[in-house]
Amino acid sequence: MLPSRHRLRASEDFTATLRSRRGLRSGSATVVIHTTMTGTRAGCPPRVGFVVSKGVGNAVTRNLVKRRLRALLAQRISVLPAGGDFVVRANPAAAQASYAQLGADVDRVLNKLLPRLAAVDASGDSGQVS
RNA sequence: UGAGUCGACCGGACGGUCGCGUCGGUGCUCCGGCACCGCCGAGGAAAGUCCGGGCUCCACAGGGCAGGGUGGUGGCCAACAGCCACCCGGGGUGACCCGCGGGACAGUGCCACAGAAAACAGACCGCCGGCUUCGGCCGGUCAGGGUGAAACGGUGGUGUAAGAGACCACCAGCGAUCCGGGUGACCGGAUCGGCUCGGUAAACCCCACCCGGAGCAAGUCCAGACAGUGUGCGUUCGAGGGCGGCCCGCCCGAGUACACGGGUAGGACGCUGGAGGCGGCCGGCAACGGUCGCCCGAGAUGGAUGACCGUCAUCCGGGAACCGGCGACGGCGCCCGGUACACAGGACCCGGCUUACAGGUCGGCUCAUCCC
RNA sequence: GCCCCCGUGGCCCAACUGGCAGAGGCAGGCGACUUAAAAUCGCCAACGGUGCGGGUUCGAUUCCCGUCGGGGGCA
């Protein structure tokens with residue numbers, strides 16, 4: 001599914017992406033996607049991680065949601081810019097959503113997010129985003 | 001046939017197409033990995049974390065206090081707060097179910113309101129006797145009254161001024177002795193005694209028995225990074241530590257404690273074959289034990305099991321026959337439509353307990369009704 | 001993995017050793033002040049089986065057991 005060079009694993013990378021001042025965020029009823037471009041990883045393949053909290057459901061439903069999100073992001077890995085870190089956070093509503101609904105939500109959020117990310121990336125290397 | 005009760009068990013199967021994880025093989029590689037093939041890949045509760053162990057370290061696991069746990073008896077078990085059998089008490093017509101089920105003459109506390117009085121004796125109304133200034137006072141008494149969850153045995157009689165276990169008979173309860181049964185809890189019976197002395201220990205407590213502490217982020221090894229400064233105490237007159245609350249005892253011991261500052265948190269082992277499962281035989285009422293044979297291929301680390309299709313099975317609803325029987329009813333099997341669905345995922349491993357759960361299978365027993 | 005705490009009116013929360021469930025605040029209604037409103041002051045009632053199930057007790061928010069939900073701490 002998701003090759004391991006595209007996977008975000010380390011806890012520090014998660015907190016960096018979620019808490020970064022330079023990060024961007026956009027969401028829907030089911031998912032929220034955080035992203036950041038770290039200058040140190042310029043040119044490297046984009047990485048994706050997932051956060052599914054206990055609020056979403058028990059272990060079975062959490063695994064189901066994670067499995068679906070991994071499959072969705074694996075299909076869309078080619079549209080993500082190099083050097084970007086993405087964290088997909090699932091809301092409790094994601095437990096009830098179908099695979100098609102989740103896919104539509106992910107597409108809508110990415111369509112809002114990617115142009116802003118490209119604009120920020122092109123606007124300068126200073127990293128001042130506000 | 002209906003209602004009920006108890007126990008055991010299953011938790012879809014087979015085939016196909018996609019998809020996921022570890023391991024192995026082959027090929028490619030920009031050495032990060034990628035592609036293909038093959039084997040294997042969660043549960044009855046894997047859950048909650050309520051108990052008990054194994055294992056590892058803390059000195060060899062030591063003593064006392066504190067603290068915690070258990071609580072009818074006998075047995076089983078590695079151990080337990082678990083299991084089995086029995087006893088006692090309560091519930092049910094019954095099968096059966098429920099019980100934190102030691103001690104209230106070791107001591108302390110509490111028992112609101114009501115009531116005269118709430119624990120050891122006392123006496124409000126009343127009853128009886130005496131006195132009276134007719135308002136009551138003194139004495140006797142607790143049968144009757146009312147309160148309460150609970151009021152100092154119950155019924156009948158003797159007795160008396162009125163009464164009372166004051167006395168008598170029977171009953172209930174308590175205690176002692178003896179006899180019989182049982183390993184025991186306890187049960188059955190006889191005699192005698194004083195006539196009887198509330199409840200609460202899931203209040204403190206007492207008694208008996210049990211418990212050292214931590215937890216796989218235990219622990220072991222490898223690799224790697226960094227920078228010290230200040231203050232206190234101290235080197236056989238011993239700081240500090242092992243040691244989890246305290247004391248003792250034992251051991252280590254030349255550095256150590258605190259503050260500020262700095263660095264790291266990468267990998268491997270531990271890691272799965274064990275109080276393991278199934279079957280036969282033997283012992284035991286049973287839990288369980290013994291023995292023989294066979295069978296056991298998850299070990300992840302941002303953390304892997306799902307989706308769809310077909311067939312079968314199952315169940316539900318409806319329909320039409322046939323066979324057996326006097327009958328209540330039973331049996332066989334066909335057609336049509338619908339239907340694979342709950343609770344839920346390992347993270348060191350076991351034994352239990354508790355809780356969640358669609359649908360279903362099998363068996364024991366009880367009660368009621370009907371038929372012969 | 002280990003260990004704690006909480007659950008009571010619509011909301012935040014009291015109720016001490018078991019004994020009449022509400023002290024207080026916010027919110028609500030009425031009145032006063034104001035031209036009107038806010039703020040302030042006074043008065044008012046309504047609303048509950050103490051998260052759920054069971055037990056001990058005469059009696060449970062309180063004690064015990066189980067369970068559900070929420071929150072927190074340590075490694």
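Keep in mind that the numbers below use all heavy atoms, side chains included, and drop hydrogens, waters and symmetry copies. Residue numbers start from 1 in every chain, and the chains themselves are labelled A, B, ... in the order their sequence lines are given, proteins ahead of strands.
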>> Please give the distance between the C1' atoms of A356(B) and G54(B) as a whole number of Å.
In response: 30 Å
> Distance between the C1' atoms of A119(B) and C197(B), in whole angstroms?
Replying inline: 10 Å
> Paired with C192(B) by Watson-Crick or G-U wobble geometry, both distances under 3.5 Å: which nucleotide is it?
Replying inline: G175(B)
>> Using atom C1' in both nucleotides, what's the gap between C20(B) and A304(B) to the nearest angstrom?
In response: 6 Å
> Looking only at atom C1', what distance separates A81(B) and C65(C), rounded to whole Å?
Replying inline: 12 Å
> Given side chains that start at C-beta, do those of V65(A) and R62(A) come closer than 4.5 Å, heavy atoms only?
Replying inline: no
> Who is the Watson-Crick or G-U wobble partner of G49(C), with both distances under 3.5 Å?
Replying inline: none
> For C312(B), which nucleotide is its Watson-Crick or G-U wobble mate, given both distances must be under 3.5 Å?
Replying inline: G12(B)
>> If I pick the P atom on G240(B) and the same atom on C258(B), what distance separates them, to the nearest angstrom?
In response: 12 Å
>> Need the pair for C271(B). Rule: Watson-Crick or G-U wobble, both distances under 3.5 Å, any strand; none if unpaired.
In response: none
>> With clusters defined by side-chain heavy atoms of hydrophobic residues (ILVMFWY) lying less than 4.5 Å apart, directly or transitively, does V32(A) cluster with V106(A)?
In response: no
>> Could you identify the nucleotide paired to A15(C), looking across every strand shown and requiring Watson-Crick or G-U wobble geometry with both distances under 3.5 Å?
In response: none
>> Using whole Å, what does the distance between atom C1' of nucleotide G32(B) and atom CZ of R47(A) come to?
In response: 13 Å
>> Does G51(C) count as syn, meaning its glycosidic angle lies within 90° of 0, or as anti?
In response: anti
> Glycosidic conformation of G130(B), syn or anti, with 90° from 0 as the boundary?
Replying inline: anti
> CZ of F86(A) to CG of L114(A): how many Å apart, nearest 0.5 Å?
Replying inline: 6.0 Å
> Do H6(A) side-chain atoms and P46(A) backbone N/O form a donor-acceptor pair below 3.5 Å?
Replying inline: yes
> G306(B) P sits how many Å from R70(A) CZ, rounded?
Replying inline: 15 Å
> Does G346(B) fall in syn (glycosidic angle within 90° of 0) or anti?
Replying inline: anti
>> Can you tell me whether the base of U57(C) sits syn or anti, using the 90° cut around 0 to define syn?
In response: syn
> Atom CD of Q75(A) to atom P of C20(B): distance rounded to whole Å?
Replying inline: 12 Å
> Taking for each residue the nucleotide of RNA chain B bearing the nearest heavy atom, is the 5' side occupied by L64(A) or by V51(A)?
Replying inline: V51(A)
> With both distances kept under 3.5 Å, what pairs with A208(B), Watson-Crick or G-U wobble?
Replying inline: U70(B)
> Does U141(B) have a Watson-Crick or wobble mate here (both distances under 3.5 Å), and if so which one?
Replying inline: G126(B)
> To the nearest angstrom, how far is K66(A) atom NZ from G306(B) atom C1'?
Replying inline: 15 Å
>> Suppose we screen for side-chain contact (heavy atoms from CB on, under 4.5 Å). Which residues come up paired with L64(A), at least two apart in sequence or across chains?
In response: R67(A), R68(A)
>> Please report the distance, rounded to the nearest Å, between CG in D85(A) and C1' in G302(B).
In response: 14 Å
> According to a 4.5 Å side-chain heavy-atom criterion applied to Ile, Leu, Val, Met, Phe, Trp and Tyr, with indirect links allowed, do V52(A) and V60(A) form part of one hydrophobic cluster?
Replying inline: no
> Which label fits G32(B), syn or anti, where anti is any glycosidic angle not within 90° of 0?
Replying inline: syn
> Can you tell me how far C1' in A328(B) sits from the matching atom in G2(B), rounded to whole Å?
Replying inline: 14 Å
> Pairs in or reaching into residues 87-105 of chain A: which pass salt bridge (Lys or Arg N to Asp or Glu O under 4.0 Å), with residues at least two apart or in two chains?
Replying inline: D105(A)-R108(A)
> Is V48(A) reachable from Y99(A) through a run of hydrophobic residues whose side-chain heavy atoms are each under 4.5 Å from the next?
Replying inline: yes
> If the C1' atom of G148(B) is compared with that of C111(B), how far apart are they to the nearest Å?
Replying inline: 12 Å
>> At less than 4.0 Å, is any side-chain N or O atom of R62(A) found next to OP1 or OP2 of G302(B)? Yes or no.
In response: no
> To the nearest angstrom, how far is F50(A) atom CZ from U301(B) atom C1'?
Replying inline: 17 Å
> For atom P, what is the distance between C271(B) and C57(B), given to the nearest Å?
Replying inline: 13 Å
> Paired with A368(B) by Watson-Crick or G-U wobble geometry, both distances under 3.5 Å: which nucleotide is it?
Replying inline: U1(B)
> Got a donor-acceptor contact below 3.5 angstrom from the R116(A) side chain to the K112(A) backbone?
Replying inline: no
Which atom pairs link the protein and nucleotides 342-345 of chain B when you take only N or O atoms and keep those under 3.5 Å?
| residue | atom | partner | partner atom | Å |
| --- | --- | --- | --- | --- |
| G345(B) | OP2 | A59(A) | N | 3.4 |

